[in-house]
Amino acid sequence: LLESHQPFHDIQYSRQSADGQMHFYSLSGQPTFDADGQFTGYHGVGTDITAQKRVEEALRESEQRWVNALEAAGHGVWDWNLDTGKVFFSPQWASMLGYDRVEIGDTVDEWRTRVHPDDAELAKHWWARLLAPATPGQSPGGTSEPVRLQRSDGSYVWCRVTVAPVRDDTGAIAAVTGIVHEVDD
């Protein structure tokens, strides 16, 4: 990269300090040239992002603890990021429907296509309510409903589906998250 004399942004690297701690850095730079157009070097900025990396890791660990706790209670977990369109489905979510996690994709259709045809109108209603824009004084818009979901063998299982929108600072929905557990055991 440096030999190409191109600008670079947010190249991250880590170094171990003398006390054994890992430190993380981000570098950005612009090439500089003399009056004849000859490359003379880079001007750039290096930022210590160690604190940010530690917060990100703590958040990942915290999220994993919640997923583990919910799954230990027999709940499947899913989270739909509306910006990317990708959905995270936990291994327990896949397992309760007879799948291995690797057999499940990462789109909301993995969820929607498994709803029993007789429950499709109810599910369509909650999706519309969940994704509606917030209004002042409005409740968060979550729901908890029984619905039948199709297993890998074609049979259906009654599940309690609890879903809620996750709103950003402006009130816009950034994600929809939920838990699912069987109710006919």
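Quantities reported herein were computed from a predicted structural model and do not represent experimental measurements.
Arg54 meets the side-chain hydrogen bond (donor to acceptor under 3.5 Å, both in side chains) test with Gln21; sequence neighbours excluded. In this structure Glu103 satisfies the side-chain hydrogen bond (donor to acceptor under 3.5 Å, both in side chains) test with no other residue, sequence neighbours excluded. Remark: Ser152 engages Tyr99 in a side-chain contact (heavy atoms from CB on, under 4.5 Å) (not counting sequence neighbours). Residues satisfying the side-chain hydrogen bond (donor to acceptor under 3.5 Å, both in side chains) criterion with Asp106, sequence neighbours excluded, are absent altogether. For Glu61, the salt bridge (charged side-chain N to carboxylate O under 4.0 Å, His left out) test picks out no residue, with sequence neighbours left out. Shown here are the side-chain contact (heavy atoms from CB on, under 4.5 Å) partners of His116, two or more places apart in sequence or in another chain: Asp118, Asp119, Arg148, Tyr156. Evaluation of the side-chain hydrogen bond (donor to acceptor under 3.5 Å, both in side chains) rule for Thr40 yields Thr32 as partners, not counting sequence neighbours. Here Pro31 pairs with Pro7, Phe33, Phe39, Tyr42 under the side-chain contact (heavy atoms from CB on, under 4.5 Å) rule; sequence neighbours left out. Remark: Val108 pairs with Trp80, Val87, Arg112, Trp127 by the side-chain contact (heavy atoms from CB on, under 4.5 Å) rule, at least two apart or across chains.
When all heavy atoms of Ala175 and Asp79 are compared, the pair lying nearest together is CB-OD1, 4.3 Å. Nearest heavy-atom pair, Met96 versus Cys159, reported as atom, atom and distance to 0.1 Å: SD-SG, 4.3 Å.
Between the Gln92 side chain and the His75 main chain, no donor and acceptor come within less than 3.5 Å of each other. The main-chain N or O of Gln150 is never found under 3.5 Å from a side-chain atom of Ser155 such that the two would form a donor-acceptor pair. Looking only at distances, a side-chain donor or acceptor of Asp34 sits under 3.5 Å from a matching main-chain atom of Asp36. Panel note: side chain Ser28, backbone His9; no donor-acceptor pair is recorded below 3.5 Å.
Put simply, the residue from Val77, Val163, Leu149 that forms a side chain to side chain contact (heavy atoms under 4.5 Å, CB included) with Val180 is Leu149.
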Audit row: Arg114, Arg151, side-chain contact (heavy atoms from CB on, under 4.5 Å) steps and yes/no: CA-CA 8 Å; Arg114 288 178 171 78; Arg151 291 182 170 162; over 6 Å; no
Residues Trp111, Trp78; criterion side-chain contact (heavy atoms from CB on, under 4.5 Å); working and verdict: CA-CA 9 Å; Trp111 199 102; Trp78 58 275; 3.3 Å; yes
Worked check of side-chain contact (heavy atoms from CB on, under 4.5 Å) between Thr107 and Glu110: CA-CA 6 Å; Thr107 69; Glu110 292 288 350; 4.1 Å; yes
side-chain contact (heavy atoms from CB on, under 4.5 Å) between Val115 and Val147, intermediate numbers included: CA-CA 7 Å; Val115 174; Val147 67; 3.8 Å; yes
Verdict with reasoning, Thr50 to Asp48, per side-chain hydrogen bond (donor to acceptor under 3.5 Å, both in side chains): CA-CA 6 Å; Thr50 303; Asp48 184 336; 2.6 Å; yes
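In the hydrophobic cluster analysis, where Ile, Leu, Val, Met, Phe, Trp and Tyr join through side-chain heavy atoms closer than 4.5 angstrom, Leu82 is grouped apart from Val166. Taken together through direct or relayed side-chain contacts under 4.5 Å among Ile, Leu, Val, Met, Phe, Trp and Tyr, Phe8 and Tyr13 form part of one hydrophobic cluster.
The side-chain heavy atoms of Val157 and Leu97, taken from C-beta on, include a pair separated by under 4.5 Å. With contacts defined as side-chain heavy-atom distances shorter than 4.5 Å, the pair Trp93/Ile104 qualifies.
Grouping Ile, Leu, Val, Met, Phe, Trp and Tyr by side-chain contacts under 4.5 Å, direct or through others, puts Ile49 with Met22, Phe24.
Within the structure, salt bridge (Lys or Arg N to Asp or Glu O under 4.0 Å) pairs that include any residue of residues 8-26 do not occur (at least two apart or interchain).
A distance of 9.0 Å separates OG in Ser14 from NZ in Lys53, rounded to the nearest 0.5 Å.
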